[in-house]
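Below is one structure; the comments refer to it alone.
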Protein chains: 2
Amino acid sequence: MFATAIMATMTEVLERQVLEVLAEPSRRRILDLLLERDHAVGELVDALAMRQPSVSKHLKVLRSAGLVTVRPEAQRRVYCLRAAPLQELDEWLTPYRRAWAGRLDALERHLDALDALDALDQPDPLDLDPSQEDPT
Amino acid sequence: MFATAIMATMTEVLERQVLEVLAEPSRRRILDLLLERDHAVGELVDALAMRQPSVSKHLKVLRSAGLVTVRPEAQRRVYCLRAAPLQELDEWLTPYRRAWAGRLDALERHLDALDALDALDQPDPLDLDPSQEDPT
DNA sequence: CGCGAACATTCCTGTCAAGGAATATACGAA
DNA sequence: TTCGTATATTCCTTGACAGGAATGTTCGCG
C-alpha cells in the first residue's frame, strides 16, 4: 500500500503535462498524422523525414501521456491516436474562451487607447504588437 | 521591402509558438491570475511566490507571444490578459474534438480488445495505461 | 536633486530535452 | 536456425531555458 503510494507519486513526477508534451512540434506533427489515420512507425519516419530512433522516442513520450495507443502487427507497431487527454487542454481553455469572446470590446478599447497614445508620438516600449519583434 | 521581409522572418524565428509558451507552468499560472483581473508585477510576484526578475522574464515571454498587454501606472506596470492568441490553440484542437467525440466507441472497442488480450495473460508492454508508469 | 520603490535587463549556472549513432530486441520468411 | 526488417533502448553531445544574483532604468515623493 505504502509502496503503491510512492509509485503513484513517481508516476505523477515522471509524466509530463499534456501541454509540455505538445510543446514539441515533432510530436504535434505525429498527432496530426495519426488524426488522419493510424500509422506504423516506419510510415511516420517517412512522413516526418526524421530518423527512426527520434520518432520512436517521441512515440514513447506520447504513449506515456496517453495520447497514443499501439498495437503490434508482426514486427511492425501501428500507432493510433487517443485524443481523450486533450480534453484537459480544452477544459483549461474554457475560461479563456469567455475572455476572448466577452472581452473583445474591452480589448479593442484598450488597443484603441494605445493607438491614440502612439498618435501623440509617445513611444510605448513595453506594450508590443505581437507581430513586432522584441527589440532586445 | 526586402528588409521588411527579413525582419518578418526573424520575428517568426524569435517568437515562440503559443503552445511552447504555455508549456511552462509558471506562465500558465500568470495567465490564470490575469484571467481573474489585471495585476501589477508586484502582485504577481506575491501570488506566485517567485522572485521579481523571474516573473519579469516570464512576462516578457508572454508579451512577445501577444498573450498580455501592459500599461504603466507611475512606476508600476499593470498587466492585462490578451486571450486572442489562444484561439490558434483552440483551432488546432478542433479536429481533435471530433476525434474524441466521434471515435469514443472505436476507442472503447480498442481498449476492450486490449483487455481481452490481457485476460489471456499475454503481456502487452507497448500499450500502457496512462495512469501506469512506463517501466523504463 | 537624492532616495526609495517598482520593474526590466544582464550575466551566470545548472538542468533537461532533442537528436545522432550504436546497439538491443522481436518477428516473419526462407 | 539464420537473416533481414522493424522498432525500442542506451549512451553521448549539444543547445535551450529557467531561475538566482547583480545591476540598470524609470517614476514619484520630499
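Lettering of chains follows the sequences in order, A, B, ..., and the numbering in each one begins at 1.
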Send over the distance from [X] [atom1] to [N] [atom2], rounded to a whole Å.
X	N	atom1	atom2	value
A:Gln17	C:dC16	CD	P	16 Å
A:Glu20	D:dA18	CD	P	11 Å
A:Leu59	D:dT9	CG	P	11 Å
B:Lys60	D:dA18	NZ	P	13 Å
B:Leu62	C:dA8	CG	P	12 Å
B:His58	C:dT9	NE2	P	15 Å
B:Leu22	D:dA18	CG	C1'	16 Å

| said: Considering every strand and a 4.0 Å limit on heavy-atom distances, what is the contact class for A:Ser54: base, sugar-phosphate, or nothing? | reply: sugar-phosphate
Any [X] side-chain heavy atom under 4.5 Å of [Y] side chain:
X	Y	result
A:Asp38	A:Tyr79	no
B:His39	B:Cys80	no
B:Leu22	A:Leu22	no

With sequence neighbours left out, write down each residue that passes salt bridge (charged side-chain N to carboxylate O under 4.0 Å, His left out) with [X], or none if nothing qualifies.
X	value
A:Glu43	A:Arg37
B:Glu73	B:Arg71, B:Arg76
A:Asp46	none

Taken in chain and number order and not counting sequence neighbours, the residues that satisfy side chain to side chain contact (heavy atoms under 4.5 Å, CB included) with A:Val21 are A:Arg16, A:Arg27, A:Val61, A:Leu62, A:Ala65, A:Leu67
Check your understanding: OP1 or OP2 of D:dG19 less than 4.0 angstrom from a side-chain nitrogen or oxygen of B:Ser56, does that happen here?
Key -> no
D:dA8 phosphate, OP1 or OP2, under 4.0 Å from A:Tyr79 side-chain N/O = yes
Among C:dG19, C:dA8, D:dT9, the one nearest any side-chain atom of A:Met50 is C:dG19
Residues in residues 39-49 of chain A with a heavy atom under 4.0 Å of DNA chain D, by number, are A:Ala40, A:Val41, A:Gly42
Salt bridge (Lys or Arg N to Asp or Glu O under 4.0 Å) pairs touching residues 84-95 of chain B, sequence neighbours excluded, are A:Arg97-B:Asp90, B:Asp90-B:Arg97
With sequence neighbours left out, the residues meeting side-chain hydrogen bond (donor to acceptor under 3.5 Å, both in side chains) with B:Ser26 are B:Glu24
Pairs under 3.5 Å (N/O, protein and nucleotides 21-28 of chain C):
{"residue": "C:dA21", "atom": "OP2", "partner": "A:Arg51", "partner atom": "NE", "Å": "3.4"}
{"residue": "C:dA21", "atom": "OP2", "partner": "A:Arg51", "partner atom": "NH1", "Å": "3.2"}
{"residue": "C:dA21", "atom": "OP2", "partner": "A:Arg51", "partner atom": "NH2", "Å": "3.4"}

